[in-house]
Q: 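Structure incoming, see below.
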Protein chains: 2
Amino acid sequence: MRDVAALAGVGLKTVSRVVNGEPNVAAETQARVRAAAEQLDFRPDIHAGNLRRTGRKTRTVGLVVGSVANPFSGALHRGVEDLAESRGTAVFASSLDDDASRETRIVSEMLSRRVDGLILTTVLKNQSYLAPEQQRGTVLTFVDREPLGIDADTIVTDNAEAAAAATAHLVSVGHRRLAYLGDRAEIWTASQRRTGFLRQLGRVGVATADIPVIEGLHDEASAFAATLRLLDSPSPPTALFTSQNLVTIGTIRALRTRGMHNRVALFGFDDIPLGDMIEPGVSVVAQNPYEMGREAASRVFARLDGDDSPFSTVVIPSTLIHRGSGDIAPPADGLAP
Amino acid sequence: MRDVAALAGVGLKTVSRVVNGEPNVAAETQARVRAAAEQLDFRPDIHAGNLRRTGRKTRTVGLVVGSVANPFSGALHRGVEDLAESRGTAVFASSLDDDASRETRIVSEMLSRRVDGLILTTVLKNQSYLAPEQQRGTVLTFVDREPLGIDADTIVTDNAEAAAAATAHLVSVGHRRLAYLGDRAEIWTASQRRTGFLRQLGRVGVATADIPVIEGLHDEASAFAATLRLLDSPSPPTALFTSQNLVTIGTIRALRTRGMHNRVALFGFDDIPLGDMIEPGVSVVAQNPYEMGREAASRVFARLDGDDSPFSTVVIPSTLIHRGSGDIAPPADGLAP
DNA sequence: CTGAAAGCGCTAACAG
DNA sequence: CTGTTAGCGCTTTCAG
């Protein structure tokens with residue numbers, strides 16, 4: 001910048017003014033400065049400026065998701081990005097793999113880079129460690145999962161309700177022998193979905209004591225194995241509820257392996273790519289991750305713009321998509337009680 | 001930091017030493033400083049430090065991809081992240097949507113944040129605008145597509161060869177009336193794949209003059225429409241080659257709409273999720289985006305660590321996955337010449 | 001082993 | 001409309 005000022009024959013501050021589009025610079029001076037900047041290929045250092053600038057905004061937000069390779073996270077990321085981009089804000093993205101030990105490290109890494117806001121899909125049981133940072137002015141927004149031990153804007157899906165609705169559908173088709181296949185119970189969404197599943201069964205008077213509730217599944221392989229075990233058990237379920245996209249896929253593979261994909265009903269949480277093209281079509285609860293990301297970013301920017309209303313939780317509605325697998329009726333041979 | 005120094009009763013530089021793990025600090029002093037830092041919830045500002053630090057590394061890289069919501073980009077992103085994470089380097093990610101007008105803006109945004117390196121899937125015809133930045137020391141690496149007008153490390157797939165191999169397979173099954181469905185010809189990968197497709201036909205003596213080459217497809221909808229047009233033409237092709245994942249999906253939808261998915265052969269470039277579960281299984285050229293991302297990051301870090309060997313192009317091999325759609329034979333009714 | 005002074009690239013606050 | 005001085009939070013340099 002010094003070089004630019006020298007080349008243009010003006011003071012340092014004048015260059016600063018031109019670069020930042022501040023008023024009170026003669027058009028002719030402006031042109032001269034611009035030319036000099038171009039010639040020297042000058043690029044202002046946003047961080048050096050922020051050091052002194054009031055407000056100290058880095059126009060950077062951090063996004064912490066399950067995995068950037070997961071389509072759910074990808075769509076959410078894109079939602080965040082689309083809003084951020086329109087504000088000249090850059091996005092740091094990091095994957096957690098639901099590994100609690102990574103959370104503090106990644107968050108800390110982002111904070112040392114002075115992000116203005118943090119959009120978090122958390123794994124840790126408790127987010128109270130973020131309170132001092134929130135106090136300091138960093139905007140915290142939680143997405144997909146509710147935080148514990150801290151108050152902040154939160155964007156979630158109607159997990160329990162949607163799970164209950166999917167379950168209700170399976171029951172309405174005639175199923176009584178259902179099974180739940182889901183992720184680790186510590187994960188907030190997983191436990192919400194299980195709750196919705198069981199609550200609905202209770203509501204319609206299906207005894208939940210004999211319903212297999214299998215948890216701790218986090219990838220295709222573990223879901224595949226768990227489903228095979230269920231199918232091979234003495235009295236296999238006639239309908240399955242899977243609580244997550246990877247689990248759904250693993251389960252479908254297992255059903256196909258046993259040739260049961262047209263016999264056992266399936267309702268999955270999370271949409272899966274090409275779910276409409278496989279046989280039978282996969283019935284799912286489709287979330288709206290893109291909208292969740294957009295809404296989260298929107299909350300962050302509102303806060304950065306001074307919104308100081310009480311923290312709120314926004315529920316992004318999900319939709320039941322009926323494609324066939326959820327409409328498979330139980331066998332009529334009396335296997336179902 | 002000043003506060004920490006005051007609380008610990010030491011000089012500023014001593015705190016700096018402790019925070020950065022530099023030697024020559026008495027164990028007892030170190031403990032005192034650490035306690036003070038903890039108490040004040042001190043977090044060093046990486047950018048303030050970089051201002052004066054020799055080398056000025058921000059431990060940040062930028063990644064520019066097609067779209068973070070695309071599974072190809074997601075896997076690539078993850079490959080970059082996994083390597084970056086092990087080095088305490090954060091990753092900025094941005095989507096381009098193959099929109100040339102966004103490229104300069106996004107790149108400029110990242111440069112003003114002083115990323116140490118840039119991993120780019122470019123759209124612009126020419127990347128010579130980056131030369132001054134490269135001179136300045138920013139490490140540039142191109143991935144998926146070769147740059148023009150600039151010399152830098154590049155990571156690509158064996159596009160033409162793999163496309164030729166897939167084409168060879170379709171021909172070996174007996175097809176002579178093929179068609180190519182692909183993205184805009186300006187996109188380097190698209191043109192490479194088309195070249196491979198046509199070159200292979202030439203090699204085996206299939207007249208390419210009558211082969212439909214449809215370009216400019218960039219999403220499911222456009223691919224769907226183009227495929228329908230082909231299928232409804234007077235002499236429809238017996239085999240299709242699609243040059244990209246979204247195009248492949250749109251094409252499959254069109255084939256199903258016309259009930260031709262078990263009659264017309266299909267080979268796609270890029271793997272698609274659940275491609276093995278639909279009927280028929282989708283034969284594809286599977287790239288290795290994760291490995292491409294990893295390799296790109298590895299090149300960036302090698303350069304940052306001082307590697308100054310000549311720039312090179314690394315080809316990450318892809319694999320042909322035969323799942324059925326590529327093995328559908330042409331009809332025996334003499335339609336094929 | 002420790003600290004004081006200078007300065008990284010930029011903007012704030014004021015003076016011209 | 002323009003420039004000067006101070007200082008952001010940290011590291012460097014160099015003197016204790």
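Basis for what follows: all heavy atoms, side chains included, without hydrogens, waters or symmetry-related copies. Every chain is numbered from 1, with letters handed out A, B, ... down the list of sequences.
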Q: Base contacts versus sugar-phosphate-only contacts with protein, heavy atoms under 4.0 Å: please encode nucleotides 7-16 of chain C as B, S and - from 5' to 3'.
A: BBBSBBB---
Q: Take the angle between the ring planes of A:His47 and B:His47 and call it parallel below 30°, perpendicular above 60°, tilted in between.
A: parallel
Q: Can you give me the bend angle of the helix from C:dC1-D:dG16 to C:dG16-D:dC1? Use the axis through the first five pairs and the one through the last five, nearest 10 degrees.
A: 30°
Q: Give a yes/no answer on whether the side chain of B:Thr14 brings an N or O atom under 4.0 Å of OP1 or OP2 in C:dG3.
A: yes
Q: Going by distance alone, is a donor N or O of one side chain under 3.5 Å from an acceptor N or O of the other, for A:Glu295 and A:Tyr290?
A: no
Q: Of the non-hydrogen atoms in A:Pro44 and A:Val19, which two are nearest, and what is the gap between them?
A: CG-CG1, 3.8 Å
Q: Would you say that more than 12 heavy atoms from the other residues, nucleotides or ligands in this model lie under 6.0 Å from the CZ of A:Arg2, or not?
A: no
Q: One thing to verify: whether B:Arg87 and B:Asp305 come together as a salt bridge, which I'm taking to mean a side-chain N less than 4.0 angstrom from a carboxylate O.
A: yes
Q: Can you tell me the distance, in whole Å, between the CG atom of B:Asp3 and the P atom of D:dC8?
A: 11 Å
Q: So does A:Arg105 pair up with A:Glu109, basic N to acidic O under 4.0 Å?
A: no
Q: Any carboxylate oxygen within less than 4.0 angstrom of a Lys/Arg side-chain nitrogen, looking at B:Asp45 and A:Arg113?
A: no
Q: Can you tell me if A:Thr157 and A:Asn159 form a side-chain donor-acceptor pair at under 3.5 Å?
A: no
